[in-house]
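Here is the structure we will look at, set down as structure tokens.
By convention here, the first residue in the shown sequence is residue 1. For ligands, and for the atoms within them, numbers begin at 1 and follow the listed sequence.
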Amino acid sequence: MTQSEATSWTTTKGTVRVEVEGPIGWLSFNRPEKRNAMNPTLNLEMTESLERLEADDRVRVVVLTGEGESWSAGMDLKEYFREVDQAPAHVQTRVRRESAEWQWRRLINYPKATIAMVNGWCFGGAITPLVCCDLALAAEDAVFGLSEVNWGIPPGGLVTRSLAETVSTRDALWLIMTGEPIDGVRAAQMRLVNEAVPRERLRERTVEVAHRLAAVSPSVMRAAKGGFRKARLMAWDDAEEFLYAKFDQGILGDPERSKQRGLEGFLDKKSFRPGLGAEADQARGD
Ligand code: ACO
Ligand code: V55
């Protein structure tokens with residue numbers, strides 16, 4: 001079987017598991033015995049796996065989740081800190097760069113829709129990939145925390161920058177300064193995640209959301225999420241230039257001709273009302 005036909009695989013060093021199921025690419029932290037702590041090997045294998053799913057035309061939505069009872073317990077205190085502290089400075093520089101490469105850079109710029117499905121522990125460094133997924137769904141009993149101060153460091157990497165992307169300054173500083181854990185319900189209240197659902201419904205709800213995202217034309221999806229991610233940090237006049245460029249790019253590059261079909265469906269055939277959902281969801285029977 002060629003690589004592109006495989007429906008599930010584990011990376012060479014075994015730190016990441018991937019399963020392609022319909023339009024969903026399930027991407028799992030796979031160090032359950034270490035609560036999916038992120039070591040330098042996992043960071044490299046996540047970059048590699050994201051790249052492979054990006055190139056896989058079957059996949060329209062990537063779901064980042066964890067094997068076992070944890071999403072991710074954050075950076076690996078032994079392999080990312082203690083062992084690297086003893087290595088030459090250039091090694092630490094490289095290890096940090098390889099961590100950032102997927103935890104924020106690849107994820108935040110990812111061309112396909114991404115969902116974090118938080119099935120358990122989510123601490124410290126895990127906040128970065130959580131925030132850099134487009135959407136996040138959590139089990140009500142998942143546990144989140146900025147545990148850095150509990151073991152003697154300020155939050156590092158892009159953790160606090162990520163936090164500032166989603167929660168208020170009050171909530172961010174509470175988490176950062178107290179190191180106190182919160183559950184999924186509280187995380188949803190502070191908008192660190194979109195929704196918290198009972199654990200037994202987490203996967204089913206994630207699949208439901210993923211299928212909705214998968215129904216959007218890939219080039220339109222890419223322009224839609226990419227436009228938001230970049231434009232929110234721009235001045236208005238720069239944003240206007242950039243968003244029209246993305247707008248035209250998303251539409252001109254759309255082999256599904258979604259815009260033409262949408263206009264025809266509403267204006268000519270009167271087969272659906274866009275305000276109420278996509279055409280596929282509506283049989284206009286009024
Ligand atoms: N780094 C390295 N090893 C870890 C980590 C981690 N972040 N988290 C868990 N492990 C390892 C443990 O050392 C242990 O290994 P061992 O079996 O070889 O002794 C194994 O995973 C299981 O850990 P337990 O603590 O026994 O698991 P438990 O289910 O009781 O608790 C919990 C889970 C709450 C996640 C706990 O392991 C924990 O507090 N981990 C640290 C969380 C944390 O503070 N992460 C760092 C955030 S700061 C940052 O990322 C920069
Ligand atoms: C953290 C994360 C880092 C780092 C130092 O607080 C600290 C977490 C992802 O990289 O280099």
*Looking only at atom types and distance, does a side-chain atom of Q249 sit under 3.5 Å from a main-chain N or O of A223, one as donor and one as acceptor?*
no

*Distance filter under 4.0 Å to F81 heavy atoms, resulting ligand 2 atoms*: 5 (C), 7 (C)

*Does A231 offer a backbone N or O that forms a donor-acceptor pair with the side chain of K246 under 3.5 Å?*
no

*Can a salt bridge be assigned to the pair E165 and R161 using a cut-off of 4.0 Å between side-chain N and carboxylate O?*
yes

*Residues R203, E208: salt bridge by 4.0 Å N-O rule*: no

*Is any NZ, NE, NH1 or NH2 atom of the basic residue among E19 and R17 found under 4.0 Å from an Asp or Glu carboxylate oxygen of the other?*
yes

*So does K112 pair up with E54, basic N to acidic O under 4.0 Å?*
no

*For ligand 1, list the protein residues that place a heavy atom within a distance below 4.0 Å of one of its atoms, sorted by chain and number.*
E33, K34, R35, A37, E69, A73, G74, M75, D76, L77, F81, W121, F123, G124, G125, S147, E148, W151

_Using a 3.5 Å distance criterion without hydrogens, assess whether the side chain of T114 forms a donor-acceptor pair with backbone atoms of Y110._
no

*asked:* A quick test of your reading: do over 12 heavy atoms of other residues, nucleotides or ligands sit less than 6.0 Å from CZ of R60?
replied: yes

*asked:* For F123, which part has a heavy atom under 4.0 Å from ligand 2: side chain, backbone, both, or neither?
replied: neither

*asked:* Can you report which non-hydrogen protein atom sits closest to atom 7 (C) of ligand 2, along with the distance?
replied: G156 CA, 3.3 Å

*With heavy atoms under 4.0 Å as the rule, classify the contact between M38 and ligand 2 as side chain, backbone, both or neither.*
neither

*When you measure from the centre of the six-membered ring of W71, is the NZ or CZ of R35 under 6.0 Å away and within 45° of the axis?*
no

*Hey, does P155 sit under 4.0 Å from ligand 2 if you only count heavy atoms?*
yes

*N/O separation below 3.5 Å, Q103 to ligand 2*: no

*Which protein non-hydrogen atom lies closest to atom 6 (O) of ligand 2, naming both residue and atom, and how far is it?*
E148 OE2, 2.5 Å

